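Inspection log for the structure reproduced underneath, given as structure tokens.
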Number of protein chains: 2
Amino acid sequence: MANKNFTTLFSESLDQSDLSAKQQAVLRASLELFSQKGFDRTSTRDIADRAAVSEGTVYKQFKTKDGILKAILEPFIHQVLPKAVTEFIVDMSQSTTPTIDEFLEIAVKNRMQFALDNRQQLRILLQEITRDANLVSLISKEAVNIINSPLGNFIRKYQEDGQLVDWPLQRIIQYIFGTVLTYLLPKVLAGGELDIDKASKETVEFVMGGLKPTK
Amino acid sequence: MANKNFTTLFSESLDQSDLSAKQQAVLRASLELFSQKGFDRTSTRDIADRAAVSEGTVYKQFKTKDGILKAILEPFIHQVLPKAVTEFIVDMSQSTTPTIDEFLEIAVKNRMQFALDNRQQLRILLQEITRDANLVSLISKEAVNIINSPLGNFIRKYQEDGQLVDWPLQRIIQYIFGTVLTYLLPKVLAGGELDIDKASKETVEFVMGGLKPTK
DNA sequence: ATTTAATAAGTGACCACTCACTCATTATTA
DNA sequence: TAATAATGAGTGAGTGGTCACTTATTAAAT
């Protein structure tokens with residue numbers, strides 16, 4: 001167990017049920033501190049103090065400080081994020097074929113709840129992504145998976161119905177993700193309460209409206 | 001001079017003509033290093049080495065490491081950025097009233113050249129903005145200035161002509177800036193060569209197209 | 001000659017990380 | 001069952017190194 005690296009440990013299971021209490025404590029403390037102060041400005045002593053363990057225990061559980069960051073971000077990118085997309089698709093395919101507007105509104109609402117549930121991870125990701133090229137490539141790979149997933153078929157269906165502009169899949173996903181990122185994420189990351197229904201309605205109006213008057 | 005803080009020093013003049021050779025060397029080295037490695041991972045020794053001065057000289061010119069960051073970002077936010085917007089407006093008001101598409105394309109093209117010219121500052125700004133709430137409020141204040149500037153009148157004109165959706169000014173600016181940020185900035189920051197004409201045409205199409213088919 | 005600029009060699013603080021050791025629990029032996 | 005041995009998670013005082021920043025000294029400029 002000691003010589004097993006933690007990427008492996010986490011890709012085996014995300015549900016954290018086979019993580020020891022100490023490991024969970026260290027990860028929870030790190031998540032809070034990295035999210036609040038940033039990775040560089042959080043010391044391993046800070047982590048140990050907040051987790052109420054010794055610094056030695058931190059290093060018993062995680063070989064390096066970078067290892068803790070990996071243990072937080074990799075499962076988030078590889079499992080939590082794709083899982084959120086998958087669940088959304090299941091929801092959608094169970095509903096009676098909605099319009100693209102209804103589709104988008106549910107999509108945004110789901111993404112928003114997901115973002116709220118993962119505020120801290122998203123904050124860390126956004127901070128570290130600017131200086132770790134490896135993170136960018138990790139996310140790109142997951143984006144390809146999403147494009148090749150049932151979500152792709154769903155979008156193609158709306159294109160055939162003429163409800164959606166005939167852009168390449170990748171570009172549409174970039175547009176949706178990008179706009180949601182620009183419009184919604186700052187509100188989510190700001191903290192505090194948020195009216196999900198209202199905010200997702202506004203976002204859809206924002207995304208769909210474009211700039212040209214519809215009259 | 002030693003007890004004058006550098007925010008003041010820089011707001012007096014940006015053209016750097018009354019900066020000493022050493023000051024310019026330190027700032028140029030810091031700009032490169034902060035942009036490449038990030039602020040936290042750049043040491044004052046690194047800066048001194050690249051600037052080919054001693055560490056003492058760095059501290060003779062700038063009281064603190066934070067002071068160097070301020071000396072780079074504050075004039076960028078308060079002078080370079082607003083100046084770019086102003087110049088763009090002057091260009092536009094000299095041309096014969098164009099359509100909103102032509103307007104946007106020139107706008108994007110100008111913003112892009114500006115972004116290319118200030119790649120390093122933008123990289124630093126994006127890295128630091130996630131952990132310095134003060135930077136966010138600085139930029140917000142400048143955004144208000146821009147909204148209240150002649151650019152506001154220009155946008156209102158297009159709204160009266162019915163060429164532009166009747167959203168509040170702030171929202172339109174947020175949309176344009178946000179979309180350009182999402183679509184264009186990653187390409188600019190990636191480094192390497194970039195076909196400005198092609199990229200700005202694509203961006204306008206991206207921004208104006210929206211998601212609904214135009215047929 | 002006097003002020004200013006520049007330097008090299010510090011300084012204490014803090015960093016990530018280690019290691020010799022403790023001690024509670026479990027396995028083995030008598 | 002009782003005594004002993006083995007195990008390994010947990011500890012915290014280090015360790016060497018790096019950090020931002022200072023200071024005593026020298027060089028340059030006026």
Side-chain angles (χ1 to χ4, degrees), chain A residues 1-7 9 16-34 36-73 124 127-128 131-132, chain B residues 1-7 9 16-34 36-73 124 127-128 131-132:
Chain A
M1 186 76 106
N3 54 2
K4 172 188 283 185
N5 80 11
F6 296 91
T7 303
L9 195 156
Q16 306 205 347
S17 58
D18 59 27
L19 290 182
S20 72
K22 301 287 177 186
Q23 283 175 322
Q24 287 184 38
V26 169
L27 284 185
R28 205 175 302 119
S30 302
L31 186 62
E32 288 168 11
L33 290 167
F34 292 167
Q36 283 166 20
K37 314 202 301 173
F39 178 79
D40 282 338
R41 292 175 191 185
T42 299
S43 70
T44 50
R45 182 164 298 262
D46 286 342
I47 295 171
D49 286 350
R50 173 154 321 195
V53 299
S54 74
E55 214 176 339
T57 299
V58 172
Y59 279 91
K60 194 107 189 164
Q61 308 294 345
F62 301 91
K63 277 196 237 176
T64 62
K65 192 188 170 193
D66 275 324
I68 300 176
L69 184 64
K70 270 185 121 177
I72 289 172
L73 288 186
I124 296 172
Q127 267 189 33
E128 295 309 314
R131 34 185 181 184
D132 187 351
Chain B
M1 185 77 106
N3 54 2
K4 172 187 283 186
N5 81 10
F6 296 91
T7 303
L9 195 155
Q16 308 206 345
S17 59
D18 60 28
L19 291 181
S20 71
K22 301 284 178 186
Q23 284 176 322
Q24 287 184 38
V26 169
L27 283 185
R28 204 175 303 121
S30 302
L31 186 62
E32 289 168 10
L33 289 167
F34 291 168
Q36 283 166 18
K37 313 202 301 173
F39 179 78
D40 281 338
R41 294 176 189 183
T42 299
S43 71
T44 49
R45 183 165 298 261
D46 286 342
I47 295 171
D49 287 350
R50 174 154 322 195
V53 298
S54 74
E55 212 175 340
T57 298
V58 171
Y59 278 91
K60 186 103 194 167
Q61 308 295 346
F62 300 92
K63 277 198 241 175
T64 62
K65 192 188 170 192
D66 276 324
I68 301 176
L69 184 65
K70 269 185 125 178
I72 289 172
L73 287 187
I124 297 171
Q127 269 189 32
E128 295 308 314
R131 32 185 183 187
D132 187 351

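Not measured: the values here are computed from a predicted model. The sequence lines fix the lettering, A, B, ..., with proteins before strands; numbering per chain opens at 1.
- Looking at heavy-atom distances under 4.0 Å, A:Ser43 makes contact with sugar-phosphate atoms alone, never a base.
- Computed from coordinates, the B:Tyr59 OH to C:dA9 P distance equals 18 Å when rounded to whole Å.
- A sub-4.0 Å separation between OP1 or OP2 of D:dG10 and a side-chain N or O of A:Lys60 is absent.
- The separation between B:Lys37 atom NZ and D:dT18 atom P is 12 Å, rounded to whole Å.
- Summarising the geometry, the separation between CZ on B:Arg41 and C1' on D:dA20 is reported as 18 Å, rounded to the nearest angstrom.
- Taking only side-chain nitrogens and oxygens, B:Ser54 never comes nearer than 4.0 Å to OP1 or OP2 of C:dA8.
- Between the P atom of C:dA16 and the CD1 atom of A:Ile47 lies a distance of 8 Å, rounded to the nearest Å.
- Partner A:Glu55 forms a salt bridge (charged side-chain N to carboxylate O under 4.0 Å, His left out) with one of A:Arg45, A:Lys65, A:Lys60 and no other, that one being A:Arg45.
- A:Phe34 pairs with exactly one of A:Ile68, A:Leu73, A:Asp40 by the side chain to side chain contact (heavy atoms under 4.5 Å, CB included) rule, that one being A:Ile68.
- In this structure, the nucleotide among D:dG14, C:dT7, D:dT11 sitting nearest to the side chain of B:Thr57 is C:dT7.
- Rounding to the nearest 0.5 angstrom, the gap separating the CG atom in A:Asp46 from the CD atom in A:Glu32 is 12.0 Å.
- Straight-line distance from the CD atom of A:Glu55 to the P atom of C:dT18: 11 Å, rounded to whole Å.
- Between B:Phe39 atom CZ and D:dC19 atom C1' there is a gap of 12 Å when expressed in whole angstrom units.
- Closest to the side chain of A:Arg45, from the set D:dG10, D:dG14, C:dA6, is D:dG14.
- Between the NZ atom of A:Lys65 and the P atom of C:dT18 there is a distance of 15 Å, rounded to whole Å.
- Between D:dC21, C:dA16, C:dA6, one nucleotide has an atom nearer to the side chain of B:Thr44 than all others, and that is D:dC21.
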